[in-house]
Amino acid sequence: MSTNASAMYGDLSLTLSEAGAGRPVLVLHGGGGPATVAGLAQHLSRTSHTITPVHPGWDGTRRPAWLTGIDDLALAYLHMLRDRRLRDVLVVGSSLGGWTAAEMAAHDSEGSITGLVLIDAVGVQVESEHITDFFALDARGVAEHSWHDPDRYYLDPAGLPAEELERRQANMATMRILAGDPYMHDPTLLRRLGQVQVPSLLLWGDSDRIVTPAYGAAYADAFGDGRLEVVPKAGHLPQIEQPEATFALIDAHLRRSRNPSGQ
């Protein structure tokens with residue numbers, strides 16, 4: 001695996017980790033940072049060329065002042081795909097990364113993206129299924145809402161090193177800037193997804209209480225070619241709680257959504 005900085009604009013460099021060869025797969029992390037998709041990216045790199053960015057402002061990377069929304073992030077990543085002349089791209093996004101992937105597909109006028117995988121994504125407004133206010137939860141509440149087995153994954157902040165607490169707080173501050181108002185959604189996105197005709201797999205942990213499987217079903221229905229798969233005994237991060245089941249579903253979608261010509 002190689003890690004490099006890719007200059008996109010005068011004041012924006014993207015920190016990218018790359019591994020493997022084959023079809024390009026862009027892997028986008030959620031609010032928890034790149035560690036939450038590291039295992040997924042490693043798995044996909046066995047058969048694909050994975051590109052895993054650190055979103056600007058996460059884990060100490062620089063966020064330019066103008067980058068204040070998920071649409072800004074989505075357009076920056078589209079610019080990166082076009083700049084590198086990448087085609088037949090599968091974009092896989094977890095949580096906030098899934099929202100970014102959806103925005104990318106909605107703005108992809110050049111057809112670089114030929115498949116999507118959204119894992120417990122936020123980003124749309126579903127009237128009957130509200131997104132839990134993550135910022136209002138304490139550490140125990142985050143665990144209870146995020147995991148099927150919260151006792152296994154709960155971390156008491158009092159036991160974390162000071163530098164890890166500082167990293168998490170800085171990541172949370174960036175997430176507030178990009179996704180805090182309106183909270184974790186774009187009011188226009190749901191109605192724009194009908195124009196996205198690429199095969200779109202929405203994976204959902206059946207125990208997710210941040211965004212419920214019913215929210216995921218409404219999200220999937222909004223796509224031109226969307227499909228929901230629910231992962232048993234998993235919460236908001238099924239790629240961590242149930243990696244084998246999650247990876248198998250993504251691998252099948254990777255094959256199904258591939259453009260044989262690569263165009």
Side-chain angles (χ1 to χ4, degrees), residues 14-17 26-41 52-63 67-74 76-77 91-104 116-126 129-148 150 153-155 157 160 163-186 189 202-205 207-212 215-216 219 234-241 246:
L14 296 176
T15 301
L16 307 172
S17 296
L26 181 66
V27 183
L28 303 177
H29 67 78
T36 60
V37 295
L40 173 58
T52 309
V54 180
H55 302 326
W58 264 263
D59 285 13
T61 57
R62 183 177 178 276
R63 177 189 62 83
L67 202 157
T68 58
I70 296 300
D71 53 346
D72 297 324
L73 191 60
Y77 288 144
V91 185
V92 181
S94 171
S95 189
L96 182 139
W99 175 6
T100 308
E103 286 283 6
M104 287 179 69
L116 292 174
V117 178
L118 275 58
I119 305 172
D120 293 79
V122 295
V124 297
Q125 185 174 27
V126 178
E129 298 293 332
H130 296 295
I131 305 169
T132 295
D133 187 352
F134 185 86
F135 299 129
L137 300 174
D138 62 12
R140 185 69 206 185
V142 169
E144 293 288 348
H145 283 75
S146 300
W147 303 103
H148 173 77
Y153 293 95
Y154 169 67
L155 288 175
L160 295 175
E163 59 270 22
E164 174 63 12
L165 279 175
E166 184 178 348
R167 183 190 72 85
R168 291 181 176 219
Q169 289 166 356
N171 287 351
M172 188 76 72
T174 300
M175 188 161 63
R176 281 184 182 274
I177 292 169
L178 267 63
D181 186 18
Y183 175 72
M184 290 293 169
H185 76 283
D186 180 330
L189 180 57
L202 283 84
L203 287 179
W204 236 262
S207 299
D208 190 356
R209 293 173 59 206
I210 300 290
V211 277
T212 65
Y215 177 96
Y219 213 150
H236 195 61
L237 298 169
Q239 72 271 20
I240 293 176
E241 276 196 287
T246 302

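- Proximity of a side-chain donor or acceptor of T246 to a complementary backbone N or O of P238 within less than 3.5 Å is detected.
- Between the CD1 atom in I177 and the CE atom in M172 there is a gap of 13.0 Å [rounded to 0.5 Å].
- Two residues are said to be in side-chain contact when any heavy atoms from C-beta on lie closer than 4.5 Å; V126 and Y219 fail this criterion.
- Taking 4.5 Å as the limit, every side-chain heavy atom of E144 sits out of range of all side-chain heavy atoms of Y154.
- Considering every non-hydrogen atom in both L202 and G216, the closest pair reads CD2-O, 4.0 Å.
- The backbone N or O of H185 sits nowhere less than 3.5 Å from a side-chain atom of Q125 that would complete a donor-acceptor pair.
- Applying the salt bridge (charged side-chain N to carboxylate O under 4.0 Å, His left out) test to D72 and every residue at least two apart in sequence or in another chain returns nothing.
- Distance CG/L178 to CG/D71: 9.0 Å, rounded to 0.5 Å.
- Residues L155 and A139 approach most closely at O-CB, 4.2 Å, considering heavy atoms.
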List the atom pairs, with distances to 0.1 Å, where a side-chain N or O of residues 26-34 and a protein N or O form a donor-acceptor pair under 3.5 Å, not counting sequence neighbours.
unit_1	atom_1	unit_2	atom_2	d
H29	NE2	H55	N	3.0

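- When all heavy atoms of L14 and P56 are compared, the pair lying nearest together is CD2-CG, 4.0 Å.
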Under the side-chain contact (heavy atoms from CB on, under 4.5 Å) rule, what do M175 and M184 come out as? Steps first, then yes or no, please.
CA-CA 9 Å; M175 188 161 63; M184 290 293 169; 3.7 Å; yes
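- Residues E129 and Y215 share a closest heavy-atom pair of O-CD1, 3.4 Å.
- One finds the CD1 atom of I210 at 10.0 Å from the CD1 atom of I131 (value rounded to the nearest 0.5 Å).
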Report the C-alpha separation of F134 and V122 in whole Å, then their side-chain angles, then the decisive distance to 0.1 Å, and conclude whether the side-chain contact (heavy atoms from CB on, under 4.5 Å) test is met.
CA-CA 11 Å; F134 185 86; V122 295; over 6 Å; no
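- Pairs of residues two or more places apart, or lying in two chains, that qualify as salt bridge (charged side-chain N to carboxylate O under 4.0 Å, His left out) and include a residue from residues 168-185 are E164-R168.
- The CD1 atom of I119 sits 10.0 Å away from the OG atom of S95 when rounded to the nearest 0.5 Å.
- Here the NE2 atom belonging to H148 is positioned 14.0 Å from the CG atom belonging to L237, to the nearest 0.5 angstrom.
- Counting all heavy atoms, side chain and backbone alike, A101 lies closest to L118 at CB-CD1, 4.2 Å.
- Atoms OG and CG, from S146 and L137 in turn, are 7.5 Å apart once rounded to the nearest 0.5 Å.
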Run the side-chain contact (heavy atoms from CB on, under 4.5 Å) test on W99 and D186 for me, step by step, so that the C-alpha distance in whole Å, both residues' side-chain angles and the decisive distance to 0.1 Å come before the verdict.
CA-CA 9 Å; W99 175 6; D186 180 330; 4.2 Å; yes
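- Between R140 and P150, the closest side-chain pair of non-hydrogen atoms falls below 4.5 Å.
- A donor-acceptor pair is defined here as one N or O able to donate and one able to accept, closer than 3.5 Å; no such pair exists between the side chain of T15 and the backbone of V54.
- The heavy-atom pair separating G123 from L189 by the smallest distance is O-CD2, 3.5 Å.
- Contact annotation: the side chain of L73 never approaches that of M104 to less than 4.5 Å [non-hydrogen atoms, C-beta and beyond].
- Within a 6.0 Å radius of OH in Y77, other residues, nucleotides and ligands contribute more than 12 heavy atoms.
- Residues R167 and D59 meet the side-chain proximity criterion, which asks for heavy atoms closer than 4.5 Å.
- Looking only at distances, no side-chain donor or acceptor of E103 sits under 3.5 Å from a matching main-chain atom of I70.
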